[in-house]
Undergrad: 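Encoded as structure tokens, here's the structure I'll be asking about.
Just so it is clear, the values below take in all heavy atoms, side chains as well, and ignore hydrogens, waters and symmetry mates.
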Amino acid sequence: REVPELAQLLDAMEPCTEIHCGVKAVNSSRLIDLDHNNWFAIGDAAMSLDPLSSQALFQAMASAMQLSELIMKFGIDTEVGKTTIAFEFEQQLERIWHQLEAEKLSYYAQERRWCRSKFWERRAA
């Protein structure tokens, strides 16, 4: 209510009309044991990233670009090409995952303002 723009929005709300949609986990996750049967997962389908990292959109676009480069380099018209693409792409995603996990731990370790809150306690490890 102390922010004028938000106070206006709150004042305009009708009482008891808000809807609670539940709690959703927004932690990082990735697809493991990919079955490369003529498909490749990119973006959030391959790995969804913690929103506090601000990396999801960038990584979604980067994975699409990386896959397209591999397709142009090796071609998808042979089994050898598809197998090579699958292996190379999986290796790229693995490297990205480990790098982002390390960065995430570093960023979470820097936050000290709410060290006693459950959210930050779980991420301080």
Side-chain angles (χ1 to χ4, degrees):
R1 293 215 176 264
E2 293 177 15
V3 177
E5 295 80 8
L6 291 176
Q8 287 177 337
L9 290 172
L10 291 171
D11 290 339
M13 286 180 62
E14 292 185 36
C16 301
T17 59
E18 64 277 352
I19 299 172
H20 179 63
C21 295
V23 176
K24 305 288 184 222
V26 292
N27 50 319
S28 300
S29 62
R30 66 182 173 154
L31 188 60
I32 316 175
D33 298 329
L34 301 172
D35 175 17
H36 301 291
N37 191 12
N38 294 321
W39 66 271
F40 294 95
I42 61 171
D44 283 349
M47 81 177 95
S48 54
L49 304 174
D50 185 316
L52 292 179
S53 73
S54 299
Q55 291 291 311
L57 183 58
F58 172 79
Q59 290 302 330
M61 296 302 292
S63 69
M65 291 171 56
Q66 290 165 340
L67 181 59
S68 68
E69 289 173 7
L70 289 169
I71 290 171
M72 288 187 293
K73 182 175 180 179
F74 298 107
I76 57 170
D77 50 347
T78 67
E79 287 304 312
V80 172
K82 288 188 264 187
T83 302
T84 304
I85 292 167
F87 176 79
E88 293 290 328
F89 190 58
E90 192 168 335
Q91 293 300 307
Q92 288 179 359
L93 292 178
E94 186 74 14
R95 285 190 298 272
I96 291 167
W97 176 261
H98 289 293
Q99 177 186 349
L100 291 172
E101 283 295 294
E103 288 175 8
K104 182 175 77 173
L105 290 175
S106 172
Y107 288 133
Y108 280 119
Q110 293 175 36
E111 181 54 62
R112 296 286 177 231
R113 291 174 289 181
W114 304 285
C115 61
R116 287 188 171 75
S117 79
K118 290 284 185 203
F119 179 88
W120 291 103
E121 276 181 7
R122 288 191 302 260
R123 285 156 180 83

Undergrad: Please round to the nearest 0.5 Å and tell me the distance separating atom CD1 of Ile32 and atom CD of Glu90.
TA: 10.0 Å

Undergrad: Over all heavy atoms of both residues, which pair between Ala56 and Asp44 is shortest? Give the atoms and the distance, please.
TA: CB-OD1, 4.4 Å

Undergrad: When you compare the side chain of Gln55 with that of Leu100, does any pair of heavy atoms fall below 4.5 Å?
TA: yes

Undergrad: Say you draw a straight line from CD of Glu101 to CG of Leu49; how long is it, rounded to the nearest 0.5 Å?
TA: 8.5 Å

Undergrad: Rounded to the nearest 0.5 Å, how far apart are CD1 of Ile42 and CE of Met65?
TA: 11.5 Å

Undergrad: Among the clusters formed by ILVMFWY side chains lying less than 4.5 Å apart, do Phe74 and Ile76 turn up in the same one?
TA: yes

Undergrad: State whether a side-chain donor-acceptor pair under 3.5 Å links Gln99 with Glu103.
TA: yes

Undergrad: Among residues two or more places apart or on two chains, list those pairs meeting salt bridge (charged side-chain N to carboxylate O under 4.0 Å, His left out) that have a residue in residues 65-77.
TA: none

Undergrad: State, to 0.1 Å, how close Ser28 and Trp97 come at their nearest heavy-atom pair, and which atoms those are.
TA: CB-CH2, 3.7 Å

Undergrad: To the nearest 0.5 Å, what is the distance between CZ on Phe87 and CG on Leu70?
TA: 11.5 Å

Undergrad: List, by chain and then residue number, the residues other than Val3 in its hydrophobic cluster (Ile/Leu/Val/Met/Phe/Trp/Tyr, side-chain heavy atoms under 4.5 Å); write none if there are no others.
TA: Leu6, Leu9

Undergrad: Keeping Ser63 on the side-chain end and Gln59 on the backbone end, is there a donor-acceptor pair under 3.5 Å?
TA: yes

Undergrad: Only counting residues at least two apart or in another chain, list the ones meeting salt bridge (Lys or Arg N to Asp or Glu O under 4.0 Å) with Glu79.
TA: Lys82

Undergrad: If every non-hydrogen atom of Ala41 is compared with every non-hydrogen atom of Leu31, which pair is closest and at what distance?
TA: CB-CD2, 3.8 Å

Undergrad: Just do the side chain to side chain contact (heavy atoms under 4.5 Å, CB included) check on Arg30 and Leu93 with the steps written out, would you?
TA: CA-CA 9 Å; Arg30 66 182 173 154; Leu93 292 178; over 6 Å; no

Undergrad: I need the Gln66 CD to Ile96 CD1 distance, nearest 0.5 Å.
TA: 4.0 Å

Undergrad: Is the backbone N or O of Val80 less than 3.5 Å from a side-chain atom of Thr84, with the two atoms forming a donor-acceptor pair by type?
TA: yes

